[in-house]
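Remarks on the structure that follows.
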Amino acid sequence: MSEKKVSKKVEEQKPVDLLDVLLDKDNKDPIVLMDEKGRQISFEQVAIIPYEIKGEKVLYVVLKPIDKIDGIADDEAVVFLVDQDKNGNTILRVEEDEEVAIAVFDKYYDLLEEARGKAKKTTTAKKATATKAAPKTTKTPAKTTTKVAGKKTTK
């Protein structure tokens with residue numbers, strides 16, 4: 001019985017690869033990083049962006065600070081390069097090249113627009129299929145009232 005408890009504790013302390021955490025679509029936990037002063041800073045993961053620089057494919061992560069960071073507004077995010085240290089461990093480095101950081105953000109926005117376009121096409125296709133399959137009725141739809149930000153609208 002005590003062996004089971006010991007093995008559970010060992011499993012709980014097992015180190016986790018940062019890349020596994022970043023690529024886990026189900027992970028909603030904050031990413032906690034240490035700054036140069038040893039202070040822990042929590043971030044919300046916004047996106048993982050594969051990007052090519054000078055013919056080399058690299059991976060970036062966009063993180064939004066949860067904790068206040070001097071010089072970064074509440075609505076801003078930071079671009080990090082996913083890299084490896086000398087021991088082969090995954091680490092994050094702030095992308096200091098402003099042109100690269102802007103290019104990564106641009107790619108992120110492009111991916112968002114692409115995803116919105118795909119979602120819109122899927123929704124439109126579903127509506128078209130539902131319209132074709134739905135029987136025609138002569139009833140007029142009932143009025144609906146929706147409360148939005150304190151104002152009522154009637155449809």
Pairs of donor and acceptor atoms involving the side chains of residues 87-94, under 3.5 Å and at least two apart or interchain, shall be tabulated with distances.
| unit_1 | atom_1 | unit_2 | atom_2 | d |
| --- | --- | --- | --- | --- |
| Asn89 | ND2 | Asp85 | OD2 | 3.4 |
| Thr90 | OG1 | Asp17 | OD1 | 3.0 |
| Arg93 | NE | Asp83 | OD2 | 2.8 |

Under 3.5 Å, which donor-acceptor pairs do the side chains of residues 67-76 form with other protein atoms, sequence neighbours left out?
| unit_1 | atom_1 | unit_2 | atom_2 | d |
| --- | --- | --- | --- | --- |
| Asp67 | OD2 | Ser42 | N | 2.7 |
| Lys68 | NZ | Ile72 | O | 3.4 |
| Glu76 | OE1 | Ala73 | N | 2.8 |

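Linking ILVMFWY side-chain heavy atoms closer than 4.5 Å, directly or via other members, places Phe43 and Val61 in a single hydrophobic cluster. Hydrophobic clustering (ILVMFWY, side-chain heavy atoms < 4.5 Å, transitive): Phe80 and Leu111 are in distinct clusters. Put simply, Ile53 and Leu59 are part of two different groups of oily side chains (I, L, V, M, F, W, Y) that touch within less than 4.5 Å, one to the next. Taken together through direct or relayed side-chain contacts under 4.5 Å among Ile, Leu, Val, Met, Phe, Trp and Tyr, Val79 and Tyr109 form part of one hydrophobic cluster. One hydrophobic cluster, built from ILVMFWY side chains closer than 4.5 Å, holds both Val62 and Val100.
Between the CD1 atom of Ile49 and the CZ atom of Phe105 there is a distance of 9.0 Å, given to the nearest 0.5 Å.
With sequence neighbours excluded, no residue forms a side chain to side chain donor-acceptor pair (under 3.5 Å) with Glu36. Asp110 pairs by the side chain to side chain donor-acceptor pair (under 3.5 Å) definition with nothing, not counting sequence neighbours.
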ask   = Can you list the steps and then say if Leu63 with Val46 is a side-chain contact (heavy atoms from CB on, under 4.5 Å)?
value = CA-CA 5 Å; Leu63 302 177; Val46 176; 5.9 Å; no
ask   = Does the pair Ile41 and Ile66 meet the rule for a side-chain contact (heavy atoms from CB on, under 4.5 Å), with working shown?
value = CA-CA 8 Å; Ile41 303 172; Ile66 295 171; over 6 Å; no
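Sorted by first and then second residue, the pairs that involve residues 51-66 and meet side chain to side chain donor-acceptor pair (under 3.5 Å), not counting sequence neighbours, are Tyr60-Glu95. The side chain to side chain donor-acceptor pair (under 3.5 Å) contacts involving residues 20-34 comprise nothing, where partners must be two or more places apart or lie in separate chains.
Taking 4.5 Å as the limit, some side-chain heavy atom of Leu33 sits within range of a side-chain heavy atom of Ile31.
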